[in-house]
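Note sheet for the following structure.
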Amino acid sequence: MKVSVYASGKRRFVCLINEHEIPVQPLANAFIYDEFLNASLSTKKRVAYELKVVIGYFANNHMDLTQRISSAQFLTSSEISKFYGQMMLTRNSFEDNKNTSVISIAASKKLRNAMASSIYNNCKVCPETRTGRIRTLRKYLSYLYDHFHGDKSVSEEVIHSFHSMQNKLKAKENYASSKRLARTVELVESVIPNDIYQKFMHIIEPNSSENPFQSSKLRNFLILSVLAQTGLRRSEVCKIKISDCDFSYDYNKIKVYSSPDDKSDPRLYRPDKKNGRAHISGIEVNLMKLIKFYILHQRSKFSLSRSHDFIFITEKNSYSTAGLPITREMVNYILSKVSNAINFKISPHLLRHKWNERLSERAEAIGLEREYTEDLRRNAMGWQPNSQMGRIYNDKHEQLIAIQIMNEHQVKIDGSEE
């Protein structure tokens with residue numbers, strides 16, 4: 001069983017299929033669209049992959065969830081505990097048992113234990129993945145229960161047993177998703193050292209002799225400059241439209257908003273803004289004028305660009321895609337080329353962190369209050385009003401300042417700079 005994403009007209013669908021491309025698990029596929037009808041394609045895809053893992057786990061253990069729920073034979077505490085333990089691991093780790101023979105040949109018990117512990121730790125998934133799998137199972141079982149028993153008169157015993165099973169799953173889900181009381185802050189001077197950042201900004205210039213690209217130099221420069229200047233995510237940059245840009249007044253603003261199922265987007269995997277508020281992102285006037293120049297003199301050369309409003313397009317025609325909007329993978333490729341050229345790995349998320357660092361430094365230089373800086377950052381990033389993300393950046397900046405002050409004080413006490 002695998003997950004398929006396909007387009008039908010301007011709509012996109014996710015489906016569980018077999019090796020012959022035939023849809024399987026009809027109730028699971030119905031669950032995705034009944035419960036997540038208005039969700040984004042990425043959410044439907046995530047749920048489909050979680051369902052694939054969940055259904056595969058029970059199938060490997062000779063358990064048919066559909067049959068179990070239809071016959072009111074709900075999961076026992078022991079079955080839930082075993083499921084929870086396996087969902088902490090990667091899918092491959094509980095689909096094959098190749099590691100068993102490796103461990104058994106070790107003579108020393110301590111060595112066997114060490115090998116087993118190492119294998120286990122290497123197979124663990126992140127808490128978010130584990131929580132997602134448990135949550136999807138709980139919701140899917142609720143969907144099956146409503147399908148088979150929702151319109152029937154069932155006994156109090158069946159109702160109690162079902163709710164008991166769901167409460168046990170909910171407890172595991174809450175336990176898996178519980179957050180640490182304290183979050184550590186990595187106190188490095190900068191996610192991208194200033195000299196590296198300056199080199200990055202220099203090498204992406206279209207006329208730079210070190211520019212690693214043979215073609216599309218202006219487009220790539222604009223994409224990377226927008227990422228650096230605005231702190232936007234790659235998905236948000238990929239979905240910028242001509243109509244989102246301020247080309248009429250100040251030439252310094254871009255609208256950023258969510259449009260999860262934009263019918264005008266021809267891409268199968270449509271990029272979208274992550275959850276958060278719509279906001280306005282500021283941009284330098286000169287960069288905006290270059291974007292306008294690109295639209296008029298470069299983008300307009302491709303006939304397919306007239307079929308949509310997205311600014312940044314594919315310029316090579318390897319798969320007859322010249323003129324269509326760029327993908328997130330293309331942004332990753334562009335950054336990988338530049339990273340290799342400067343011998344420092346830079347990702348869109350790293351540029352977002354760098355933008356926040358520069359905001360902290362600028363806010364301190366002009367004497368802005370911490371709370372006001374947090375509000376500015378929250379609005380510029382499009383975070384929700386109650387988001388605490390801004391505090392992480394402010395905390396890090398203030399701790400670095402405190403360390404610098406104490407080091408300078410210690411130098412004065414010691415009477416030397418050693």
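From a predicted model like this one, the values you see are computed outputs, not experimental measurements.
- For Y333, the OH atom sits in a loose shell: 12 or fewer heavy atoms of surrounding residues, nucleotides or ligands are nearer than 6.0 Å.
- Here the closest heavy-atom approach between residue V256 and residue S281 is recorded as CG2-CB, 4.0 Å.
- Between the side chains of K354 and N194, at least one donor N or O sits under 3.5 Å from an acceptor N or O.
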With ring pair (Phe, Tyr, Trp, His ring centres under 6.0 Å) as the test, would you mind laying out the steps for F213 and F221 before giving the verdict?
CA-CA 10 Å; F213 302 105; F221 166 75; over 10 Å; no

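- Aromatic ring pairs are classed by plane angle as parallel below 30°, tilted from 30° to 60° and perpendicular above 60°; the pair Y143 and H147 is parallel.
- For the pair K292 and F247, the cation sits on the ring face: its NZ or CZ lies under 6.0 Å from the ring centre, inside 45° of the axis.
- Y140 places no side-chain N or O within donor-acceptor distance of the main-chain N or O of I32, the cut-off being under 3.5 Å.
- At least one donor-acceptor pair closer than 3.5 Å links the side chain of S300 to the backbone N or O of L296.
- Annotation: the span from N174 atom CG to T131 atom OG1 amounts to 9.0 Å, rounded to 0.5 Å.
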Please step through side chain to side chain contact (heavy atoms under 4.5 Å, CB included) for the pair K52 and L16, ending with a clear verdict.
CA-CA 8 Å; K52 177 177 178 289; L16 295 171; 4.3 Å; yes

F83 vs N61, side chain to side chain contact (heavy atoms under 4.5 Å, CB included): CA-CA, chis, key distance, verdict
CA-CA 10 Å; F83 169 79; N61 286 275; over 6 Å; no

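- Between E315 and S216, the side chains place a donor N or O and an acceptor N or O closer than 3.5 Å (distance only, hydrogens not considered).
- Between T321 and L304, the shortest heavy-atom distance links the atoms C-CD1, 4.5 Å.
- With a 4.5 Å cut-off on side-chain heavy atoms, R270 and L41 do not count as touching.
- Using a cutoff of 4.0 Å between basic side-chain nitrogens and carboxylate oxygens, E35 and K139 are not scored as salt-bridged.
- With 3.5 Å as the limit, one finds a donor-acceptor pair spanning the side chains of S77 and K168.
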Steps toward side chain to side chain contact (heavy atoms under 4.5 Å, CB included) verdict (V237, I223):
CA-CA 7 Å; V237 172; I223 291 171; 4.2 Å; yes

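- Relative to the six-membered ring of F293, R299 misses at least one condition, a distance below 6.0 Å or an angle of at most 45° to the axis.
- A side-chain N or O of R358 and one of Y197 form a donor-acceptor pair less than 3.5 Å apart.
- Taken to the nearest 0.5 Å, the CE atom of M1 stands 5.0 Å off from the CD1 atom of I55.
- Proximity of F162 to S142: side-chain heavy atoms (C-beta onward) are separated by under 4.5 Å at one or more points.
- R68 has a carboxylate O that lies under 4.0 Å from a charged side-chain N of E79, or vice versa, which qualifies the two as a salt bridge.
- Atom OG of S215 sits about 9.0 Å away from atom NZ of K217, to the nearest 0.5 Å.
- The 12-atom threshold is exceeded at NZ of K241, counting heavy atoms of other residues, nucleotides or ligands nearer than 6.0 Å.
- Counting only N and O atoms by type, the side chains of Y251 and N286 include no donor and acceptor under 3.5 Å apart.
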Would L324 and I313 satisfy side chain to side chain contact (heavy atoms under 4.5 Å, CB included), going step by step from the backbone distance to the final call?
CA-CA 5 Å; L324 293 179; I313 61 170; over 6 Å; no

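- The two residues F200 and V338 make their nearest non-hydrogen contact at CD1-CG1, 3.5 Å.
- For the pair V331 and F312, the minimum side-chain heavy-atom distance is 4.5 Å or more.
- For the pair G323 and F302, the tightest heavy-atom approach, listed with the atom from each and the gap, is CA-CB, 3.7 Å.
- For H297, the NE2 atom sits in a packed shell: over 12 heavy atoms of surrounding residues, nucleotides or ligands are nearer than 6.0 Å.
- Aromatic ring orientation, F31 versus F36: perpendicular (interplanar angle above 60°, classes split at 30° and 60°).
- Around CG of D250, the count of heavy atoms belonging to other residues, nucleotides or ligands within 6.0 Å exceeds 12.
- We find the CG-CZ distance between L169 and R135 to be 12.5 Å, quoted to the nearest 0.5 Å.
- Inter-residue side-chain proximity for S225 and I204 is flagged as met; some heavy-atom pair is nearer than 4.5 Å.
- Among residues two or more places apart in sequence or in another chain, the side-chain contact (heavy atoms from CB on, under 4.5 Å) test is passed with I196 by I192, P193, I342, F344.
- Taking a 6.0 Å sphere around CD of E157, one finds it holds 12 or fewer heavy atoms contributed by other residues, nucleotides or ligands.
- Applying the side-chain contact (heavy atoms from CB on, under 4.5 Å) test to K301 and every residue at least two apart in sequence or in another chain returns Q298.
- Annotation for M201 and A228: closest pair SD-CB, 4.1 Å, computed over non-hydrogen atoms.
- Looking at K2 and E21, a side-chain N of the basic residue comes within less than 4.0 Å of a carboxylate O on the acidic one, giving a salt bridge.
- Nearest approach of R234 to E329, heavy atoms of both residues: NH1-N, 4.3 Å.
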